[in-house]
Amino acid sequence: MKIQEFRELIKAADRELLEKAFAESYKKFTKGQKEEVDLIIQGVLAGEDARSVAKKDTISFEKLEQEIPVFLENAYAQNYFAPNRVIPKNQRPKWRFLVKNYIKALEKIPAEDENCDKSARLLSDLYRMLCTACNYYLFSTDDAFRSVGWEQPELFRLVVKKWFCNGYSREKIAILLNDAVSGGLSREALQIYQLNVLLDELKTSDVKYMAIEEAGKLIDERKKKLGGLKKYDSTYQLDDEINCLCEMVLMTAIELAEPASGIEFFFQNSRHRNEEITLFCALQVVEWMEADELWTTVYEYGIGKKIEPRDSLVRKYQEMKHVK
């Protein structure tokens, strides 16, 4: 019904029935929606105008620039999780509301605003913090993205769009590649989801080539770090990031219709436990990109390198060759 019809309906309603209808309607809101509606309800019941209540929820960029770094410092210090004297106990669960508001405010900053690039950096900082909170207890949750009402790939898409809203650069692409391959994961996310989001936002061939080059540089940086590790230091994190960057190169090469260079790069630079796993992972990327015509090409490339595939790959190859 229209708002005027709604007003006429409640004007003539019995007080007890009105309270019941209001309570039942309120139950239909999600937890995130309730947090926003609560402010309006409390403000209106306190005699404030609904529009002025909504305006109070708007944060200036100057305030965001001041608040977000302080919030992040407290988040990384676990002051929203563990007992401390900085964040009062009753304020710690409200971190979700803070992050939601920060993201909403940063999202609204238009491309023509002089603070647009700064807003992209702050949004990246919040995204990285949520990634970290999926690996370590910064808050009383093990899935920070779900807690703030965002799916990880969709929040990453917002981050990417914000960075690219005023054009591409090597620096921006390198920042986003780092964000895509490092950090923790939400329960529903895989690293390749973020890679796919980034690839989807690289709209021209030039920037795709740029992404391949920047991925190569980031791989070289990580290989240098690996060379500086001591004998018993863990290489897992760096190995995993290199493997993800190799996936990005292969995905981008396929998108450019130049798969041969991507395949060669993948096999030369991946740091999987053995070459058979490298072949298996390359074939998974091909399947993800729905490049079915490349599957046998990659398989045969692996055979040419004397790799012995697992039985399931052999059967699939035989089936595909038989169909042909």
Side-chain angles (χ1 to χ4, degrees), residues 72-82 124-147 152-153 155-156 159 173-199 211-252 262-285 288 302 305 307-310:
L72 291 171
E73 184 179 345
N74 280 306
Y76 284 118
Q78 295 183 304
N79 288 339
Y80 286 95
F81 176 65
S124 265
D125 291 342
L126 288 169
Y127 174 80
R128 291 188 201 109
M129 180 275 297
L130 292 171
C131 288
T132 301
C134 291
N135 280 346
Y136 306 97
Y137 279 108
L138 302 186
F139 312 104
S140 56
T141 178
D142 57 2
D143 194 335
F145 287 97
R146 177 181 286 183
S147 294
Q152 185 173 359
L155 182 56
F156 185 62
V159 172
I173 290 172
I175 288 170
L176 291 167
L177 281 168
N178 269 317
D179 285 352
V181 305
S182 58
L185 290 170
S186 172
R187 289 179 183 175
E188 292 85 11
L190 297 172
Q191 221 83 54
I192 201 167
Y193 293 175
Q194 280 67 260
L195 296 176
N196 191 63
V197 165
L198 179 53
L199 180 57
I212 289 174
E213 291 169 8
E214 292 305 309
K217 291 177 186 177
L218 293 173
I219 287 172
D220 289 341
E221 288 175 11
R222 282 159 174 78
K223 285 183 176 179
K224 286 180 183 177
K225 289 181 181 178
L226 284 168
L229 294 179
K230 296 178 182 178
K231 185 176 180 180
Y232 295 106
D233 289 340
S234 172
T235 66
Y236 175 80
Q237 179 78 26
L238 291 169
D239 286 344
D240 186 58
E241 290 175 8
I242 288 172
N243 290 335
C244 288
L245 288 164
C246 287
E247 289 179 2
M248 182 64 182
V249 170
L250 178 53
M251 290 165 67
T252 309
I263 294 167
E264 185 178 355
F265 185 95
F266 192 92
F267 278 86
Q268 284 179 350
N269 292 280
S270 293
R271 289 185 57 83
H272 294 289
R273 197 163 60 248
N274 58 55
E275 286 192 323
E276 196 281 331
I277 294 176
T278 300
L279 172 60
F280 177 79
C281 291
L283 291 169
Q284 281 192 314
V285 172
W288 173 264
K305 292 177 69 69
I307 298 173
E308 294 186 13
R310 63 193 67 183

Please report the C-alpha distance between Glu308 and Glu276 in whole Å, then the side-chain angles of each, then the deciding distance to 0.1 Å, and finally whether the side chain to side chain contact (heavy atoms under 4.5 Å, CB included) criterion is met. CA-CA 7 Å; Glu308 294 186 13; Glu276 196 281 331; 5.9 Å; no

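- Considering only residues two or more places apart in sequence or on other chains, Tyr136 meets the ring pair (Phe, Tyr, Trp, His ring centres under 6.0 Å) condition with none of them.
- Evaluation of the salt bridge (Lys or Arg N to Asp or Glu O under 4.0 Å) test over residues 134-143, restricted to residues two or more places apart or in two chains, returns Asp142-Arg187.
- For the side chain to side chain donor-acceptor pair (under 3.5 Å) test, no residue two or more places apart in sequence or in another chain qualifies with Glu221.
- Annotation: Glu213, atom CD; neighbour count of heavy atoms from other residues, nucleotides and ligands within 6.0 Å is above 12.
- Shown here for Asn135 and Gly183, the closest heavy-atom pair between the two residues is ND2-C, 4.1 Å.
- Looking at residues two or more places apart in sequence or on another chain, you find a side chain to side chain contact (heavy atoms under 4.5 Å, CB included) between Ala215 and Leu177, Leu245, Val249.
- Remark: Glu264 pairs with Gln268 by the side chain to side chain donor-acceptor pair (under 3.5 Å) rule, at least two apart or across chains.
- For the side chain to side chain contact (heavy atoms under 4.5 Å, CB included) with Glu247, the lone residue among Asn196, Val285, Ile242, Thr252 that qualifies is Val285.
- At least one side-chain heavy atom of Ile307 sits less than 4.5 Å from a side-chain heavy atom of Phe267.
- Using a 4.5 Å cut-off on side-chain heavy atoms (C-beta onward), Phe145 and Cys131 make contact.
- Of all the heavy atoms in Cys246 and Ile219, the pair that sits closest is SG-CD1, 3.9 Å.
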Run the side chain to side chain contact (heavy atoms under 4.5 Å, CB included) check on Leu226 and Arg271 step by step: do they pass? CA-CA 11 Å; Leu226 284 168; Arg271 289 185 57 83; 3.3 Å; yes

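- Using a 4.5 Å cut-off on side-chain heavy atoms (C-beta onward), Cys134 and Leu185 make no contact.
- When side chains are defined from C-beta on, Gln194 does not count as touching Val181, because their heavy atoms never get closer than 4.5 Å.
- A donor-acceptor pair under 3.5 Å is formed between the side chain of Gln152 and the backbone N or O of Ser186.
- For the pair Val159/Leu126, no side-chain contact is recorded, criterion being any heavy-atom separation below 4.5 Å from C-beta on.
- Applying the ring pair (Phe, Tyr, Trp, His ring centres under 6.0 Å) test to Phe156 and every residue at least two apart in sequence or in another chain returns Tyr127.
- Residues satisfying the side chain to side chain donor-acceptor pair (under 3.5 Å) criterion with Asp125, sequence neighbours excluded, are Arg128.
- Here the side chain of Ser234 pairs a donor or acceptor atom with the backbone of Tyr236 at under 3.5 angstrom.
- With sequence neighbours excluded, the residues forming a side chain to side chain donor-acceptor pair (under 3.5 Å) with Thr235 are Asp239, listed by chain and number.
- The ring pair (Phe, Tyr, Trp, His ring centres under 6.0 Å) check on Phe265 picks up nothing, with sequence neighbours excluded.
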From CA spacing to verdict: side chain to side chain donor-acceptor pair (under 3.5 Å), Ser147, Thr141: CA-CA 7 Å; Ser147 294; Thr141 178; 3.0 Å; yes

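- Remark: Leu138 CG to Leu130 CG distance equals 9.0 Å, nearest 0.5 Å.
- Counting non-hydrogen atoms of other residues, nucleotides and ligands closer than 6.0 Å to CD of Glu73 gives a total of 12 or fewer.
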Determine, stepwise, if the pair Ile192 / Met248 fulfils side chain to side chain contact (heavy atoms under 4.5 Å, CB included). CA-CA 8 Å; Ile192 201 167; Met248 182 64 182; over 6 Å; no

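- Across all their heavy atoms, Asp179 and Ser124 have their closest contact at OD2-OG, 3.1 Å.
- Note that the CG atom of Leu218 and the CD1 atom of Ile173 stand 11.0 Å from one another [nearest 0.5 Å].
- Heavy-atom neighbours of Tyr76 OH from other residues, nucleotides or ligands within 6.0 Å: above the threshold of 12.
- The aromatic rings of Tyr80 and Phe139 sit tilted relative to each other, their planes meeting at an angle between 30° and 60°.
- Looking at Gln191, its side chain never comes within 3.5 Å of a backbone N or O of Cys244 through a donor-acceptor pair.
- Counting heavy atoms from C-beta outward, Cys281 and Asn243 have side chains that stay 4.5 Å or more apart.
- Residue pairs that meet the salt bridge (Lys or Arg N to Asp or Glu O under 4.0 Å) test with at least one member in residues 222-234, sequence neighbours left out, are Arg222-Glu241.
- Legend: residues meeting salt bridge (charged side-chain N to carboxylate O under 4.0 Å, His left out) with Lys305, ordered by chain and number and at least two apart, are absent.
- Looking at residues two or more places apart in sequence or on another chain, you find a salt bridge (charged side-chain N to carboxylate O under 4.0 Å, His left out) between Glu188 and Arg146.
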